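Below: one structure, written as structure tokens.
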Amino acid sequence: MARFQFLEETARRIFTIHGYEELRTPVFEPTDLFVRGIGEVTDIVSKEMYTFKDRSERSLTLRPEGTAGVVRATLEHGLLRQSSEMKVFYMGPMFRYERPQKGRQRQFHQIGCEWFGNASPWADAETIAMLTIYLEACGFSGVRTRVNSIGARGDREAINSALRSHLEAHRGDLCEDCQRRTATHPMRALDCKNPGCQPTLDAAPPIVDLLSEASQTLFREVCEHLETLGIEFEIAPRLVRGFDYYTHTVFETVLPGLGAQDAVLGGGRYDNLFEDLGGTSTPALGASLGVERLSLALQSLEAGPDLRSRVDVAICLLDEAGLEVAARLAATCRAEGLRVRFDYQRRSPKAALRDANRVNAHFAALLGASEIEAQHVQLKDLESGNQGPVSFADLPGRLQTHTADSPQ
RNA sequence: GCGGGUGUAGCUCAGCCGGUUAGAGCGCCUGGUUGUGGCCCAGGAGGUCGCCGGUUCAAAUCCGGUCACUCGCCCCA
């Protein structure tokens, strides 16, 4: 949980300084929204949605991804009317009906960002840059995002027919899936991992070469801007994505140590989605991060962030006296914003101190009959072992000056 | 949808070619310190061996079923 919080808070911080605001959307939506948005023939829509009927026989679906819901909310509430541009991020659970395995569960969490109303290749570059900065802020190093362009929707027919004729010519060398995709969605065949298909796929014309002049220029500019921003990336000529709404730039980032499910983020531009969902044509792009996968990757990091929880002071009773006094002290310290450990249990001093040590407290405030008599606690620094009296009244102030510079 | 694996103490696991009171490490508790943690030492608590059935004089161990979890393929975050 600490890792989730860290990943989410870091995202809030990095996304916010890039001008994004958080938006919350419902966890379920009308099924039709995803069918129209993601595309009928995609795996997600055809076999991975959690779909059910409500009491009025409406078909609802637990969201398998975040973008469609954000676009729907934007259209429905006219969020894009007062300004022509908007940047939002979200985080929350997503659902896909499939066999769980490492780095993949049926309910999982994504952090996503969406940027509406900006067609500049700078927007693509900034988005990839921001995500790279985010991953680095989380402690990952050597992040290299894989980037490709699948062109405008108008380029699609030329791409498909060129790929189809190539794939048809080598039909016998392709696996069943690829043979099927040749007809339905030839671009998807390109990222088939089946070893037998590789020679044929390697020999296929690169998608970028099949794009219109304008689309190629756009992609070149995205790459140039990434270099201007000093972002490490690599061009992945065969990278395509599983959602139909993508156009032009697509990208994904993989991290080591995650086995088969190593993509921690994916995204791209989707300039037609607003129209597809009944809005006016709006350039847009976005990405989403898989929180569980990031969390796993964070775990295997040799020098990860320090996520141990910290307690400023643990109040330790030394004898039968002092429960009421301790309760009041805990309350006044908490009112000052201090993290206080006190469990109202009567236990041996030894056990109380051991507990204080276990929860990683900076100080232990020791309280017994003689301390109450003198109106002070014995404040013990648990790292140095130094101990001395501090009056009840001075305790909160004293703790604040000593814990102000500490992490977390 | 397809194919593997595993279910034994709070956690990680050993034991499993059937045979006495089911073990280890870590964690937890107590004591060594008549009101003081971390390190060390000594002791202690804790288990229907996933569940149901079968074979047998005897089952954690063999067989069947069932449930749960897990890994891989497909696809994706």
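Residue numbers start from 1 in every chain, and the chains themselves are labelled A, B, ... in the order their sequence lines are given, proteins ahead of strands. Here the structure is a predicted model, which means the values were calculated and not measured.
- Between A:N386 atom CG and B:rU36 atom C1' there is a gap of 14 Å when expressed in whole angstrom units.
- Distance from the side chain of A:K350 is smallest to B:rG32 among B:rG72, B:rA77, B:rG32.
- When rounded to the nearest whole Å, the span between NZ of A:K102 and P of B:rU70 equals 13 Å.
- A heavy-atom distance below 4.5 Å is not found between the side chains of A:R58 and A:P30.
- Separating the CD atom of A:E8 from the C1' atom of B:rA77 is a distance of 14 Å, rounded to the nearest angstrom.
- Here A:Q107 lies out of heavy-atom contact (under 4.0 Å) with every strand.
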Task: Nucleotide pairing, RNA chain B (Watson-Crick or G-U, distances under 3.5 Å), in dot-bracket with [ ] and | - done: (((((((..((((.....[...)))).(((((.......))))).....(((((..]....))))))))))))....

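- Look at A:Q101 and you won't find any side-chain N or O under 4.0 angstrom from OP1 or OP2 of B:rU70.
- If you take atom C1' in B:rA68 and the same atom in B:rA59, they sit 22 Å apart, rounded to whole Å.
- A:Q378 has its CD atom 15 Å from the P atom of B:rG37, to the nearest Å.
- Remark: A:R358 is not in phosphate contact with B:rG27, judged by side-chain N or O atoms under 4.0 Å from OP1 or OP2.
- Using a 4.0 Å heavy-atom cutoff across all strands shown, A:A263 reaches sugar-phosphate atoms only and no base atom.
- Using the six-membered ring where Trp is involved, A:F243 and A:Y245 have ring planes that are tilted, between 30° and 60° apart.
- A:E371 comes within 4.0 angstrom of a nucleotide base, judged by non-hydrogen atoms across all strands.
- For the residue pair A:S288 / A:E65, no side-chain donor-acceptor distance below 3.5 Å is found, with atom types taken as modelled.
- Inspection of the A:Q107 and A:Y50 side chains reveals no N or O donor paired with an N or O acceptor under 3.5 Å.
- Nucleotide B:rG31 holds its P atom 14 Å from the CG atom of A:L353, rounded to whole Å.
- Residue contacts shown for A:G112 are absent, as no nucleic acid heavy atom lies under 4.0 Å away.
- Distance check on atom C1': B:rU55 versus B:rC63 gives 7 Å, rounded to whole Å.
- Using C1' as the reference atom, B:rG3 and B:rU48 are 33 Å apart when rounded to the nearest Å.
- Counting non-hydrogen atoms under 4.0 angstrom, A:F243 reaches the backbone sugars and phosphates but no base.
- Residue contacts shown for A:L366 include a base, since a base heavy atom lies under 4.0 Å away.
- Distance SG/A:C197 to CG/A:D173: 8.5 Å, rounded to 0.5 Å.
- You'll find a donor-acceptor pair under 3.5 Å spanning the side chain of A:N357 and the base of B:rG37, going by distance alone.
- Going from the C1' atom of B:rU56 to that of B:rC62 covers 10 Å, rounded to whole Å.
- Nucleotides B:rA9 and B:rC49, compared at atom P, are 10 Å apart to the nearest Å.
- Comparing atom distances between the A:R99 side chain and each of B:rG1, B:rG37, B:rU30 picks out B:rG1 as nearest.
- Residue-environment remark: OH (A:Y97) stays at or below the threshold of 12 foreign heavy atoms within 6.0 Å.
- Going from the P atom of B:rG10 to that of B:rA45 covers 15 Å, rounded to whole Å.
- Looking at heavy-atom distances under 4.0 Å, A:R104 makes contact with a base.
- Counted by atom type alone, A:S149 and A:T249 present zero donor-acceptor pairs between their side chains at under 3.5 Å.
- Residue contacts for A:Q387: at a heavy-atom cut-off of 4.0 Å it reaches a base atom on one of the strands shown.
- Protein atom CZ of A:R347 is 13 Å distant from nucleotide atom P of B:rG31, rounded to whole Å.
- A straight line from CD1 of A:I315 to C1' of B:rG37 spans 17 Å, rounded to a whole angstrom.
- Atom CZ of A:R24 is surrounded by 12 or fewer heavy atoms from other residues, nucleotides or ligands within 6.0 Å.
- Each of A:V291 and A:S370 was assigned the nucleotide of RNA chain B with the nearest heavy atom; the assignment lying further toward the 5' end belongs to A:S370.
- B:rC73 and B:rG46 are spaced 42 Å apart, taking the C1' atom of each and rounding to whole Å.
- A distance of about 14 Å separates the P atoms of B:rG38 and B:rU33, rounded to the whole Å.
- With respect to the salt-bridge test (charged N to carboxylate O, under 4.0 angstrom), the residues A:R72 and A:E76 qualify.
- Across all strands, A:R354 comes closer than 4.0 Å only to sugar-phosphate atoms, never to a base (heavy-atom distances).
- Within the 4.0 angstrom heavy-atom criterion, base atoms lie near A:E383.
- Checked by atom type, the side-chain pair A:E126/A:H18 shows no donor-acceptor distance below 3.5 Å.
- Contact annotation for A:E98: base contact, defined as any heavy-atom pair under 4.0 Å involving a base atom.
- A:F108 has its CZ atom 8 Å from the P atom of B:rA77, to the nearest Å.
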